[in-house]
Amino acid sequence: MGLFTPKRPPLVGVDISSTAVKLLQLSQSGGRYRVEHYAVEPLPPNAVVEKNIVEVEAVGEAIKRAVQRSGVKTRAAAAAVAGSAVITKVIQMPADLSEEDLTDQIQVEANQYIPYPIEEVSLDFEVLGPVKDNPESVNVLLAASRTENVDLRIAALEMGGLSAKVVDVEAFAMENAFQLLADQMPAGRDGLVAIIDAGATMTSLNVLRNQRSIYTREQVFGGKQLTDEVMRRYGLSYEEAGLAKRQGGLPESYEIEVLDPFKEAMVQQVSRLLQFFFAGSEFNRVDQIILAGGCASIPGIQEMVEEQLGVPAMIASPVANMAVSSKIQASSLAADAPALMIVCGLALRSFD
């Protein structure tokens, strides 16, 4: 790197989920990360439905509030599109192609794999390395998303005063954040690891092998079902139910009648996602389960998953080993930690 090469501006990670916008900026010194800026800003109901932005202005406003609250100065952002909105495929290409020829050739090849007209698609690719028994070819990871999915995220960021420098895929952001947990794992980092991200409306499975993502799947299930049940049973508004879930104050019957059945349902969802993976692969067990997302904070869920599935489980805390700026309330950061995997993976793009 030359003396006068300008340092790239740091990126702020922005994770747009169904219920909130999460914003995070990291710095790095001496090999240790530090959380510089951080905010979680709730979204109005149905502004984002199953990870698709429906009301772009509402999302833009929430991003703007998160930017103000966090005090972040950089305007360069990294966001991600959901796995369901992205098609990924590993294809083989001749190893001797120039970058330009490879780009042209991939446009041609992509037509075969993508069920939408190519002019409606945003494409990207990454060369993974040589094909195992054929040095003349390289494996190329192709990722494609309908342009509108990408454009809506870029538009929301712009309304919030940020500019999208990176649009990633949630599964890859998750894979990126995994390095932050690797040291905490009893099973070692290179085993077969299932990351379950259980949010408000979607639960996704991302299976990593040797720290690379080999399988992803998502289904509609999440903490909103618990909130809805609390609303219905105790006659509360959506906001009141969400607060009561977090801060307590519900009748004693809540745990047995509402929370325990939800936990059972969640373990069943985890089991189902894993069954789909086993059915389509040569594997029949995983070495480690990592629970992420808002639902991972439910007391007792880790023990229940371990007990019923017979696999060691841990709660994701990607910020556990980080220093934290004095402007940030460490207790709220720690409470949100399991839900910060994607936003951490995006914020790490600053150091690529």
Side-chain angles (χ1 to χ4, degrees), residues 82-84 86-90 128-129 131-133 139 141 169-199 201-223 225 259-318 320-321 337-342 344-345:
S84 54
V86 180
I87 296 161
T88 55
K89 187 98 188 142
V90 175
L128 299 176
V131 175
K132 199 171 163 193
D133 302 318
N139 282 320
L141 175 68
V169 178
E170 286 185 358
F172 299 152
M174 194 65 101
E175 176 186 310
N176 215 7
F178 176 69
Q179 56 176 294
L180 301 168
L181 306 181
D183 304 338
Q184 307 166 31
M185 286 185 25
R189 56 174 64 202
D190 291 336
L192 203 57
V193 178
I195 304 177
I196 300 284
D197 186 11
T201 59
M202 302 287 279
T203 295
S204 65
L205 164 67
N206 194 352
V207 181
L208 302 178
R209 186 185 190 195
N210 300 332
Q211 305 180 57
R212 299 293 298 210
S213 185
I214 59 166
Y215 177 89
T216 59
R217 188 185 176 99
E218 45 192 39
Q219 54 199 28
V220 178
F221 175 85
Q225 279 158 296
L259 189 59
D260 287 349
F262 177 79
K263 279 158 57 173
E264 287 284 352
M266 186 172 149
V267 175
Q268 277 172 355
Q269 293 291 328
V270 173
S271 176
R272 267 189 60 193
L273 280 165
L274 287 171
Q275 292 310 322
F276 279 119
F277 165 61
F278 297 144
S281 74
E282 76 246 51
F283 303 105
N284 58 11
R285 62 168 289 118
V286 291
D287 300 317
Q288 173 86 48
I289 291 173
I290 294 175
L291 297 169
C295 293
S297 301
I298 295 174
I301 194 73
Q302 174 192 352
E303 293 77 5
M304 200 164 180
V305 167
E306 282 194 339
E307 210 168 278
Q308 296 197 14
L309 303 185
V311 178
M314 65 180 262
I315 308 290
S317 181
N321 298 329
L340 301 180
M341 285 288 283
I342 289 170
C344 276

Original post:
Below 4.5 Å, heavy atoms only, C-beta onward: do Leu180 and Asn321 meet side chain to side chain?
Top reply: no
Original post:
Is any side-chain heavy atom of Leu208 less than 4.5 Å from a side-chain heavy atom of Ile214?
Top reply: no
Original post:
Is the backbone of Ser213 close enough, under 3.5 Å, to the side chain of Glu175 for a donor and an acceptor to pair up by distance?
Top reply: yes
Original post:
Looking only at heavy atoms, what is the nearest atom pair of Ala198 and Met266, with distance?
Top reply: CB-CE, 4.0 Å
**OP:** Heavy atoms only: give me the nearest Gly294-Ala339 pair and the separation to one decimal.
**Re:** N-CB, 3.9 Å
Original post:
Quick one: does Pro312's side chain get under 4.5 Å of Glu306's, heavy atoms only?
Top reply: yes
**OP:** Answer with yes or no whether the side chains of Gln269 and Gln219 bring together a donor and an acceptor at under 3.5 Å.
**Re:** yes
**OP:** Could you go through the side chain to side chain contact (heavy atoms under 4.5 Å, CB included) check for Met202 and Phe221 one step at a time?
**Re:** CA-CA 5 Å; Met202 302 287 279; Phe221 175 85; over 6 Å; no
Original post:
When rounded to the nearest 0.5 angstrom, what is the spacing between CE in Met341 and CD in Glu170?
Top reply: 12.0 Å
Subject >> Side-chain touch Ile290/Ile196, heavy atoms, less than 4.5 angstrom >> reply: no
Original post:
When rounded to the nearest 0.5 angstrom, what distance separates CD in Glu264 from CD in Gln308?
Top reply: 4.5 Å
**OP:** First locate atom OG1 of Thr216, then atom CG of Asp197, and finally report the distance between them rounded to the nearest 0.5 Å.
**Re:** 12.0 Å
**OP:** Write down the atom of Gly191, the atom of Asp287, and the distance for their closest heavy-atom approach.
**Re:** CA-OD2, 3.3 Å
Subject >> Minimum heavy-atom distance between Met314 and Gln302, given as atom pair plus value >> reply: CA-NE2, 3.9 Å
**OP:** Determine the interplanar angle of the Phe277 and Tyr215 rings, folded into 0 to 90°, and report it as parallel if under 30°, tilted if 30 to 60°, perpendicular if over 60°.
**Re:** tilted
**OP:** Using a 4.5 Å cut-off on heavy atoms from C-beta on, say whether the side chain of Phe278 contacts that of Val207.
**Re:** no
Subject >> Stepwise side chain to side chain contact (heavy atoms under 4.5 Å, CB included) check, Phe172 with Leu141 >> reply: CA-CA 12 Å; Phe172 299 152; Leu141 175 68; 3.4 Å; yes
Subject >> From CG (Leu181) to SG (Cys344), nearest 0.5 Å >> reply: 9.0 Å
**OP:** Using modelled atom types only, decide if a donor and an acceptor are shared between the side chain of Gln288 and the backbone of Val193 within a distance under 3.5 Å.
**Re:** no
**OP:** For residues Val286 and Leu274, determine if any side-chain heavy atom of one lies less than 4.5 Å from a side-chain heavy atom of the other.
**Re:** yes
Original post:
So how far is it from Ser317 OG to Leu340 CG, rounded to the nearest 0.5 Å?
Top reply: 8.5 Å
Original post:
Does Arg212 reach the side chain of Leu128, with side-chain heavy atoms less than 4.5 Å apart?
Top reply: yes
Original post:
Would one find more than 12 heavy atoms of other residues, nucleotides or ligands at under 6.0 Å from atom CD of Glu303?
Top reply: yes
Subject >> Shortest non-hydrogen contact from Gly199 toward Cys295 >> reply: O-SG, 3.5 Å
Subject >> For Leu205 against Ala194, the heavy-atom pair lying closest together >> reply: CD1-CB, 3.7 Å
**OP:** Say whether, by atom type as modelled, one donor and one acceptor occur between the side chain of Gln179 and the main chain of Asn176 under 3.5 angstrom.
**Re:** yes
Original post:
Do side-chain atoms of Lys263 reach the backbone of Val305 as a donor and acceptor pair under 3.5 angstrom?
Top reply: no
Original post:
Do Asn206 and Phe178 have side chains that get closer than 4.5 Å, going by heavy atoms?
Top reply: no
**OP:** Can you measure from OG (Ser204) to CZ (Arg217) and round to the nearest 0.5 angstrom?
**Re:** 12.0 Å
